[in-house]
Amino acid sequence: MKQSVNLDTSKNSPPAHFQEDSSGRQARYDHRAIEAKWAKIWKDTKLNEAPISSGIDPSTMLRIRPLRPYYNLMMFPYPSAEGLHVGNMYAFTGSDIFGRYMRMKGYDVFEPIGLDGFGIHSENFALKIGRHPMDHAVITEKNFYAQLSKIGAMFDWSRTVETYNPNYYRWTQWLFVQMFKQGLAYRAKASVNYCPSCKTVLADEQVIDGLCERCKSVVEKRLLEQWFFRITTYAERLLGNLDGMDWTEKVKIAQKNWIGKKEGIEIHYPVKDTKEEIVCFTTAPVNFGMTFIVISPQHEFVAKIVRGEIAVSKEKSKEIAEYAQACAKRKKEVGEKEKTGVNTGLFATNRVAGWDVPIWISDFVVKEVGTGAVQGCPAHDTRDFEFARKFGLPIKRVVMGPDGDMSEVDTVGKVIVHGMNGTMVNSEFLNGLPFEEGLQKTMDFVEKKGWGKRVSTYHLRDWLISRQRYWGPPIPMIYCGKCAKVGKGEKNDMPGWYSVPEKDLPVVLPRIEDYKPGDDGIAPLAKHKEFFNVACPSCGSAARRETDVSDTFLDSSWYFLRYPSVGNIKSQSPNPNTQQGSNLQSPITNDQQGMKNSKNTSMLSEAKSSGLEIGDWKLDIPWNPEVTRQWLPVEMYTGGAEHSVLHLLYSRFIWKALRDWGYLDFSGEAGPRLARQDPASQDSAWDEPFSTFFAHGLVIKDGSKMSKSKGNVVNPDEYIATYGADALRIYLMFMGPFSQGGDFRDSAMEGVSRWLNRVWRIVTTSIHNTQSPISNAQHFALLNKEGSGEKIAKALNKLVKKVGEDMEHRRYNTAIASMMEFTNLVADARLLALQQGDSARQEGGALAVDQAQVLVKLLAPLAPHLAEEMWELLNQPSAISRQSSDKTGELKEIKSETTHYPLRTTNYISVHIEPWPEVDESILAEDEVTVAVQINGKTRATIVTSLATIKEESAFVSLCQSDGRIKKYLDGKTIVKTIVVPGKLINFVIE
RNA sequence: GCCGAUGUGGUGAAACUGGCAUACACGCAGCUCUCAAAAAGCUGUGGCUAUAACAAGCCGUGAGAGUUCGAGUCUCUCCAUCGGCACCA
């Protein structure tokens, strides 16, 4: 099937590509040879290395024209499984096509790739297959990079990032230190999510339906002391920017919902016979219908009762303590609604209404939500209603339904909740007001009396950052018990805690063999004295390192800032590519060192040498400020919507924090990247790391998500081997809209492959035209005889427009479809020539060489290898006879010292840096149009006519009326109305 | 329960601003080439009615209403599927 081209061409016979060979085969392109050939040439000529350092071309070290940076980023994969998933390839291909398109549009496109290899995902997989995570990282890195280099993406391999490389996580730790110094990192005892299977705590965002995001175990609540980042401080800014951002809408909505801003009021209720008060948060203070208060079992008030600080009877105290304890232990099922509770016997005063209400405790009230205390208004809140029903508390209607309903609220259906229409009743000074107005007036009243204050609450919680695991960056903190005793510490509010001095970073993750998480919730590193024993940076006495590691999402929250600065460590290095070697052989592989590493010997010096010896930039931050000024923010970010409230939110938070601390400075002389930004919106644009975010769809198989358990995971390798990366790329994009994903089916893959071979034949046939006695002009004239030449020229011009528009919107599926339509048209024209017995054109194709060149350019972002091969043939027709020999060596001297572009020689420029074809507006206009003729909105005929005819509207209308197919409908009827849509349709409304 | 998305042939899907519904492809059927197969190519392919054939007619975008000369597209009410959030006060 994958027949390579027969090259045994005797001098005078036509080239092999469009001839059947002796065995009757027709040519198919040899994807193996072509893809290998160009992958090598692109690599050798550094075609895909972005001129990061102010327009220095890496292949020549010459300055090219002014830099036009375009940062095209895709989410880096976490290499947890055996290899690259077709879903990864789908995402990368869609992103890469756009990057390639932008490059042809004249931008200097930077398209990096890396591995998100630290974290629970990778560690769990390593545990499962029983391989040390450090060894596993080395293997997956090799495998992933090998696979990734085959998919035809324009990755800049000179600037990869691996999160587990000490050169990288040194800076992740640096980021943690900054967080601490700025007061955004703190330790707190809190009720946290704990996964008993992964044996670690999880962030709220990592709990899905009450289950662990990774292993699907039921997550428990535990009261533990952990590290947090104060993301909530940024809630308002994270929310505020969303509106103006060019992001996929559903992702913005998901973030908005996750931040979950709610406006309401906190009302203070004095507890009778005590000095205590309970504060309730509510968005709907229906105080005249308030008949009780419910507080969470974790509420401080409950603790005070249990401790005896609030006087209740002994029995009560015991009952309450037991209930609180039971709640803490019990795992609640998802969606469990059955109410439980216990009465404290205490009362609080509802000062608005002037009566006392009982105080209850129930676990339907969550400590973290609002104030952990709810004012029970059972007639106007369904949960309060259910609670009141269960415990026989009074239900008092204070809102009349829109239909005048004043009956007793005795079913959930009758509960009128906040947001519904209604009128206040039984509410003294509120009577007669609409529901919403009544609530506002109540708030005014409460504030005026000084009983409470309007506040906003957020669903967003602080980011739980510590993990009791092994495979992550050790949190760079030191605890000194001695300092703690005397209340000393780096921060006043955290006695005993010191950040690791920046000069001592990284705190290297040592290779240990007992890396499995323990049942006791204690981190693996906590068992290694040689790791955690350290001198206090302040007093010098024996202190202890933090043994938790940080969350993976911290690694990925800033990686895009690092990419452009990799390889710019020494900005004038004659060979920026030297970085790559050190990445692939990260010091981790040097595992003989074992525990020696914990003393920060070789790894540290390695990290330091790459980090501290800086040419023209003082390294105290992880990126080159000048490079960052030029290339960031990321202009286009492509990734999955599943990261809506995780990675995408964290990255925004980290970016804003870094900017506030002055580490990201875009002011001053605007570089070309910034010059494109509208000055008015510059500041808000700089406040976001990703100018545009595009959420791609998911590849599914047989109607369901691919997963190992279902056994429907597709490995791209075998498809690349059979059909080639180009064919797979096109198939993946042709499945459906990139924004929506699609259903992967083998059979459809075959069709795409067939089409690419058709394109190959059409293009190579057009080359033959230049070699045959017929010149381009003659060829064109011949075709014109029956009009197909002109038809094709017009169709091609329209195609350029259509494909360009589709590229802009990443509608690759329709771009491909319209290219198929075009090649069908070309095939038809050729067939016509054959039928007419025109021997010249039988041998030739229907496409002139310059037309074939346009077609190849349009195809280039989608099928980069094949397009490049055809481009070479089109520009060096004499090379045809030798092209498919495997003599790639002859292209070695392709790099010329006299030019500034890679791959540019006197006679060859890579198609991928050719300018995107222009639309010729002058021939875009049709002079012939098809008009639909309708009777009462139903199409009865179509009329093909010239534009000139249509201009004379009245004449055209009568022309349509007299058409035989129409006339029969009009006979004996009156035309009530005639609607003319110029150039499109005519509608006669009759009778 | 709330938020979001999606519903179009046997299948993946087009129709972007209301204007010829089903582009493009898969599959299927028939044919050409061939000793044969593969490859390649050609023709047909929404449903129903109907015809020797050429025609022709009606129905048709999850269901039902509405707006409009005209609705896959806009409005309303449902139904189904898939994602996300969820006792959020």
J.: The test is ring-ring contact (aromatic ring centres under 6.0 Å, His included); show your working for A:Tyr731 and A:Phe744 and say whether it passes.
T.: CA-CA 9 Å; A:Tyr731 170 62; A:Phe744 191 95; 5.3 Å; yes
J.: Give one of base, sugar-phosphate or nothing for A:Arg811, where a contact means two heavy atoms less than 4.0 Å apart.
T.: base
J.: Can you tell whether the side chains of A:Glu338 and A:Lys390 come within less than 4.0 Å, N to carboxylate O?
T.: yes
J.: Any N/O pairs under 3.5 Å between the protein and nucleotides 7-11 of chain B? List them or say none.
T.:
unit_1 : atom_1 : unit_2   : atom_2 : d
B:rU11 : O2'    : A:Arg745 : NH1    : 3.4

J.: Below 3.5 Å between N/O atoms, which protein atoms pair up with nucleotides 79-83 of chain B? Just atom names and distances, please.
T.:
none

J.: Using a 6.0 Å cut-off, check whether atom NZ of A:Lys802 has over 12 heavy atoms from anything other than its own residue.
T.: yes
J.: Name the nucleic acid region contacted by A:Glu249, choosing base, sugar-phosphate or nothing; use a 4.0 angstrom heavy-atom cut-off, strictly under.
T.: nothing
J.: Rounded to whole angstrom, note down the C1' distance from B:rG18 over to B:rC74.
T.: 8 Å
J.: A:Phe387 near the nucleic acid: base, sugar-phosphate alone, or nothing, with a heavy-atom cut-off under 4.0 Å?
T.: nothing
J.: Do any side-chain nitrogens or oxygens of A:Lys250 fall under 4.0 Å of OP1 or OP2 in B:rC3?
T.: no
J.: For B:rG41, does either OP1 or OP2 sit under 4.0 Å from a side-chain N or O belonging to A:Arg754?
T.: no
J.: Taking any heavy-atom pair under 4.0 Å as a contact, classify A:Val369: base, sugar-phosphate, or nothing.
T.: base
J.: Dot-bracket for RNA chain B, please, read 5' to 3', with Watson-Crick or G-U wobble pairs under 3.5 Å on both distances, ( ) within the strand, [ ] crossing, | other strand, . unpaired.
T.: (((((((..(((......[....)))((((((.......))))))((((......))))..(((((..]....))))))))))))....
J.: Whole angstrom is fine here: how far is it from NZ in A:Lys261 over to P in B:rC2?
T.: 24 Å
